[in-house]
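What you see below is based on every heavy atom in this structure, not just the backbone, and it leaves out hydrogens, waters and symmetry mates.
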Amino acid sequence: MALPHDSNETSYLLPPNNEDWDRQAIPDFVYGQKDLMAEGIQWPRNAPGVLEALPQSPFDAALCSAWKQRVELGLFRYRLRELQTQILPGAVGFVAQLNVERGVQRRRPQTIKSVRQAFDPEQFNFNKIQPGEVLFRLHREPDLPGTLLQEDILVVINVSPLEWGHVLLVPEPARGLPQRLLPGALRAGIEAVLLSLHPGFRVGFNSLGGLASVNHLHLHGYYLAHRLPVEQAPSEPLDPGGHLHLLRGLPAPGFLFYTRGPGLDLESLICRVCRATDYLTDHEIAHNLFVTRGAPPGKTSPSSALTGVRVILWARKSCFGIKDGEAFNVALCELAGHLPVKTSQDFSSLTEAAAVALIQDCRLPPSQAEEIPGHQPDQLQV
């Protein structure tokens, strides 16, 4: 069982007096190979995947208890209550949720002009957050591959949450890393998914121009008690070795990488994904990435088992700033089929066709798609 560092019992809760928060050391959540659960995690057959209905891993327990305490302490911009949710009628299976508060109260995005924009310490960044917003630090034991590349990954609340347990994974914030995906950050994101017993705990990344609102390296992680289309969507191979697949169908085609779990296969996947995102960043192509438990590549069905982890990468048209007036903005969760809607009117009137149209508006222009070697333009479209 994963244990807090140097202790058999360590609390991830803040002391009662907020004057003590600055003096409290950030607790470590230490985990090893045995804590990464690659198999046996499935959606319940006859019940929703709510947190209360499923067993918790030590990671789930630590995250959820600390997150809930921060809610009670009022550290969020709004108190997230149960969100009104609907599955849009149609073939896709979009999960739409009404989240008015996030649309109104979230921090305005920074001014971004380039996918490769440098970190600016004068802008908001995660070195400026309140001490109580940090839940814990992820710490990998030496039995895991890649431990020599150990980084401090802080798990921080997102003060404008999409859903229950919405956190940010922030690698070594003091280094001032820009929002460009690095292997250590991706490894932490995938391992966080494997640390959870909930099939609906997902992780994602928005590049600059892909609706990242803060230019300081971070990934998103959150619970969603619903299946998403990307978990079991069919795919076709793009290379003879079967390492890269094209995820076909709606809500959006994307590049699919797959691993059955920790080990050399996972390390190879991390290298392949980061080579792809490096190429996209270097060529000023915005992108979004989503990590979820899912079925293996190939022909699948709605009943296919979640036997491993899917990493889906979308190249997309750059969008700098939030589009006011749209039902939702297209970023990592929307491309995966989860649609946080901003207004009651849009929530009640949204259709699958309208959602598809908004996503299709983010298609990568053919001139940019043609620059990516070895693939046809239509395979790179959102």
TODO: Would you mind checking if D35 and R140 are paired as a salt bridge, meaning a charged N to carboxylate O distance below 4.0 Å?
DONE: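 So R140 does not pair with D35 through a salt bridge.
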
Open item on the list: Looking at R260 and E39, is any side-chain nitrogen of the basic one under 4.0 Å from a carboxylate oxygen of the acidic one?
Closed with: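 No, E39 and R260 are not salt-bridged.
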
Sidechain-backbone polar pair: [X] side chain, [Y] backbone, donor-acceptor under 3.5 Å:
X	Y	answer
K342	N329	no
N288	L335	no
Q360	V356	no
R77	V159	no
R70	V134	yes
D361	L358	no
N17	E19	yes
E352	A91	yes
N99	P161	yes
Q117	T111	yes

Taking C-beta and beyond as the side chain, do [X] and [Y] meet within less than 4.5 Å on heavy atoms?
X	Y	result
F320	I112	yes
P44	L54	yes
D60	Y223	yes
F205	H287	yes
V71	L80	no
Y78	V104	no
N125	D120	no
V95	L228	yes

- [ ] Quick one: sort the H166 and Y222 rings into parallel, tilted or perpendicular, breaks at 30° and 60°.
- [x]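 Answer is tilted, since the angle falls between 30° and 60°.
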
TODO: Can you label the angle between the H198 ring and the W43 ring as parallel, tilted or perpendicular, going by 30° and 60°?
DONE: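 Answer is perpendicular, since the angle exceeds 60°.
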
Open item on the list: Testing the 3.5 Å rule here: is there a donor-acceptor pair between the side chains of S268 and D265?
Closed with: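 There is no such pair between these side chains.
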
Minimum heavy-atom distance between [X] and [Y], given as atom pair plus value:
X	Y	value
R316	A331	NH1-CA, 4.3 Å
L350	L88	O-CD2, 3.7 Å
I153	A188	CG1-CB, 3.8 Å
A38	L194	CA-CD2, 3.9 Å
A185	L217	CB-CD2, 4.2 Å
Y258	G294	CE1-O, 3.8 Å

In Å, rounded to the nearest 0.5 Å, how long is the span from [atom1] of [X] to [atom2] of [Y]?
X	Y	atom1	atom2	value
Q69	L135	CD	CG	9.5 Å
L264	T259	CG	OG1	10.0 Å
Q86	S348	CD	OG	8.0 Å
Q130	D22	CD	CG	10.0 Å
L36	S196	CG	OG	11.5 Å

In this structure, would [X] and [Y] fall into the same cluster of hydrophobic residues linked by side-chain contacts under 4.5 Å?
X	Y	answer
F29	V170	no
I87	V230	yes
I129	F136	no
L177	L186	yes
L266	I41	no

Open item on the list: So, using side-chain contact (heavy atoms from CB on, under 4.5 Å) as the criterion, who are the partners of A212 when residues are at least two apart?
Closed with: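 Per chain and number, A212 pairs via side-chain contact (heavy atoms from CB on, under 4.5 Å) with Q179, N206, L208.
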
Open item on the list: List the residues meeting side-chain contact (heavy atoms from CB on, under 4.5 Å) with N18, not counting sequence neighbours, and say none if there are none.
Closed with: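 With sequence neighbours excluded, N18 shows a side-chain contact (heavy atoms from CB on, under 4.5 Å) to W21, given in chain and number order.
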
- [ ] List the steps and the verdict of salt bridge (charged side-chain N to carboxylate O under 4.0 Å, His left out) for R79 and E101.
- [x] CA-CA 9 Å; R79 189 179 182 94; E101 288 83 359; over 6 Å; no

- [ ] Determine whether the aromatic ring centres of F76 and W67 lie less than 6.0 Å apart.
- [x]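 Yes, they do, as the ring centres are separated by less than 6.0 Å.
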
Task: H218 ring center within less than 6.0 Å of F126 ring center - done: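 Under 6.0 Å, so yes.
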
Open item on the list: Using the rule given for side-chain contact (heavy atoms from CB on, under 4.5 Å), can you reason through V309 versus V291, listing the C-alpha separation, both sets of side-chain angles and the distance that settles it, and then say yes or no?
Closed with: CA-CA 7 Å; V309 174; V291 182; 3.6 Å; yes

TODO: Run the numbers on F257 and L289 for side-chain contact (heavy atoms from CB on, under 4.5 Å), then give the verdict.
DONE: CA-CA 11 Å; F257 305 81; L289 180 139; over 6 Å; no

- [ ] Test F59 against L197 for side-chain contact (heavy atoms from CB on, under 4.5 Å), laying out the working first.
- [x] CA-CA 9 Å; F59 173 80; L197 283 177; over 6 Å; no

Task: Greater than 12 external heavy atoms within 6.0 Å of K128's NZ - done: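 Counting neighbours around NZ of K128, more than 12 heavy atoms of other residues, nucleotides or ligands fall under 6.0 Å, so yes.
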
Task: Within 6.0 angstrom of E72 CD, more than 12 heavy atoms from elsewhere - done: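 Atom CD in E72 is crowded, with more than 12 foreign heavy atoms closer than 6.0 Å.
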
Open item on the list: Can you list everything that forms a salt bridge (charged side-chain N to carboxylate O under 4.0 Å, His left out) with E284? Sequence neighbours excluded, please.
Closed with: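 Checked E284 against salt bridge (charged side-chain N to carboxylate O under 4.0 Å, His left out); matches are R116.
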
- [ ] Pick out which of R310, R293, R202 makes a side-chain hydrogen bond (donor to acceptor under 3.5 Å, both in side chains) with E231.
- [x]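 One option only clears the test, and that one is R202.
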
- [ ] List the steps, then state whether salt bridge (charged side-chain N to carboxylate O under 4.0 Å, His left out) holds for R23 with D20.
- [x] CA-CA 5 Å; R23 294 189 289 271; D20 296 329; 2.4 Å; yes

- [ ] Please report the C-alpha distance between I359 and F94 in whole Å, then the side-chain angles of each, then the deciding distance to 0.1 Å, and finally whether the side-chain contact (heavy atoms from CB on, under 4.5 Å) criterion is met.
- [x] CA-CA 12 Å; I359 290 174; F94 285 115; 3.8 Å; yes

